[in-house]
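The next block holds one structure in the form of structure tokens; read it before the comments.
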2 protein chains.
Amino acid sequence: MTTPGRGLHGHVLDTLGPAITAGEYPPGSVLRTDELAQHFEVSRSVMREAVRVLESMHLVESRRRVGVTVRPKAEWNVYDPQVIRWRLAGADRPHQLRSLTVLRSAVEPVAAGLAARHATAEQCAELTQCALGMVANSRGHKLEEYLVHDIAFHRVILNASGNEMFARLGDVVAEVLAGRTHHEVMFEDPDPAAVTLHVQVAEAVREGDATRAEELTREITVGALQELDILAP
Amino acid sequence: MTTPGRGLHGHVLDTLGPAITAGEYPPGSVLRTDELAQHFEVSRSVMREAVRVLESMHLVESRRRVGVTVRPKAEWNVYDPQVIRWRLAGADRPHQLRSLTVLRSAVEPVAAGLAARHATAEQCAELTQCALGMVANSRGHKLEEYLVHDIAFHRVILNASGNEMFARLGDVVAEVLAGRTHHEVMFEDPDPAAVTLHVQVAEAVREGDATRAEELTREITVGALQELDILAP
DNA sequence: TGTGACATATAAGTCTGACTTTTTCCGTCG
DNA sequence: CGACGGAAAAAGTCAGACTTATATGTCACA
């Protein structure tokens, strides 16, 4: 994660950001800089910097003679890692998790296909290592160790795709995977079929078989969708 | 687009942002707030607000006794609409356009599939209107009119998917489509095959045929990839 | 009664200067 | 050569005065 609370304005954001993204201030709510500054016991300069950041995330809009207005959810920069983290930490978590999982299901298969074409030898090796690590920890309630390798696996795929937009989703995917293990129902060992699929994806990428890598990854993401009951009737 | 230059700090950002994203300051470069303030002829308060915004975009990092350090490209918030606009406006444009087109090729087919399931009657009607508008302007060098309907079409698809992450890519897609018409080679009328595909997608969504909507949209995006010579050898 | 111009209050925006705090760098001493 | 400690540099913070845009209410006039 990003270093939290680096400076006073960071502390303010850590409180205001979650509050806004949690919908505590409905769209159209008006905040006054001076009041906020008093409430958080910081100077107006600090408060203004915090507002500027919220503004750059399109969470609020600051207008003269009006104040700081909360924007409707549809305008938020929902790809901002900070915003994602705030929402995952709040009441919106389930909804956010579903959105992100759907996004994964779109992006990761394509990324895997690209990885099969562009991955370096080193990345292939890394990928194989990750898959092996997943296999090694797939039994015996070693969920944490499994998670580490799972996250690393998907990160390598996204990086190896050679597309910067995909690569930057590594953190998001990590967040989703971690969330699944930590917050959702995850008592048992991971699904053996999923483990096998990861091994096969690593194989396909190593062999440069883009179509197969894409198809196998699609199966993985379909599994993730099903876990959240996002099915196709 | 967002209102540009709303306030002094906005003007500073309009200059600094493009400069940084264009790579004018290599990663690791150190800027000093005071010097920047002098250079832009603004007060330190204003300069600090600008730096805070750049920091929230992960373009720079501000540390005591060091200064404001430019972060490596790999850490930028490349999904920030502002960052995307800055990069599209600069030397990085071709590269950024390719990245975004690949992203489209991953997202839009899945979005179309979801739209086929979730689209309201109103959205279906809107979609049909857009497709008709595209057909009507597909001949006779009416590129601008065609573009308007093309953008609207893809925006409706993304919105109708019911996924907020997809919906927020509407602006990005609009930017890419507009860029193709305005900056890239686009002398002739649009490809008739592409126009037909859009009409068929509208059909499939109307009929709730998710698989077909996804497959047809995939064909559209493949076309977009081919235009930029991003092929699969 | 409606409509336009104008005055006013309000909250953000800006600037300045003084002060604090953290952190790096460097020189000295063991 | 390493540890300790001081000094300097840059960001961070604060307080107060001033400016500017603008929403809103008022009043005259049609």
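Just so we're on the same page: letters track the sequence lines, and every chain starts at 1.
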- Is A:Tyr25 atom OH crowded by more than 12 heavy atoms from other residues, nucleotides or ligands, each under 6.0 Å away? no
- Message: For a 4.5 angstrom cut-off between non-hydrogen side-chain atoms, does B:Pro26 reach B:Val70?
- Response: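 Side-chain contact under 4.5 Å: no.
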- Query: Hey, are the side chains of B:Ser43 and B:Val46 touching, using non-hydrogen atoms and a 4.5 Å cut-off?
  - Reply: yes
- Message: Can you tell me which residue among B:Asp92, B:Leu16, B:Leu59 is in a side-chain contact (heavy atoms from CB on, under 4.5 Å) with B:Thr21?
- Response: B:Leu59
Just how far, in rounded Å, is [atom2] of [N] from [atom1] of [X]?
X: A:Leu8; N: D:dA11; atom1: CG; atom2: C1'; value: 13 Å
X: B:Asp34; N: C:dG17; atom1: CG; atom2: C1'; value: 12 Å
X: B:Arg48; N: C:dT14; atom1: CZ; atom2: C1'; value: 15 Å
X: A:Arg6; N: D:dA10; atom1: CZ; atom2: P; value: 22 Å
X: A:Arg32; N: C:dA12; atom1: CZ; atom2: C1'; value: 12 Å
X: B:His9; N: C:dA12; atom1: NE2; atom2: P; value: 15 Å
X: A:Met47; N: D:dA15; atom1: CE; atom2: P; value: 15 Å

- Task: Would you mind classifying the nucleic acid contact of A:Thr33 as base, sugar-phosphate or nothing, using non-hydrogen atoms under 4.0 angstrom?
- Result: sugar-phosphate
- Item | Nucleic acid contacts - residues 35-44 of chain B versus DNA chain D, non-hydrogen atoms under 4.0 Å | none
- Query: What residues in residues 59-69 of chain B put a non-hydrogen atom under 4.0 Å from any atom of DNA chain D?
  - Reply: B:Ser62, B:Arg63, B:Arg64, B:Arg65, B:Gly67
- Item | Any donor-acceptor N or O pair under 3.5 Å, side chains A:Ser56, B:Ser56 | yes
- Using 30° and 60° as the class limits, which term best fits the ring planes of A:Tyr79 and B:Tyr79: parallel, tilted or perpendicular?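 Rings of A:Tyr79 and B:Tyr79: parallel, under 30°.
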- Message: Give me the atom names and distance for the closest heavy-atom approach of B:Leu103 to A:Asn163.
- Response: N-ND2, 4.5 Å
- Derivation of the salt bridge (Lys or Arg N to Asp or Glu O under 4.0 Å) call for A:Glu55 and A:Arg52: CA-CA 5 Å; A:Glu55 204 177 19; A:Arg52 284 280 178 259; 2.9 Å; yes
- Starting from the C-alpha separation in whole Å, work towards a yes-or-no answer on side chain to side chain donor-acceptor pair (under 3.5 Å) for A:His149 and A:His154. CA-CA 9 Å; A:His149 291 97; A:His154 290 273; over 6 Å; no
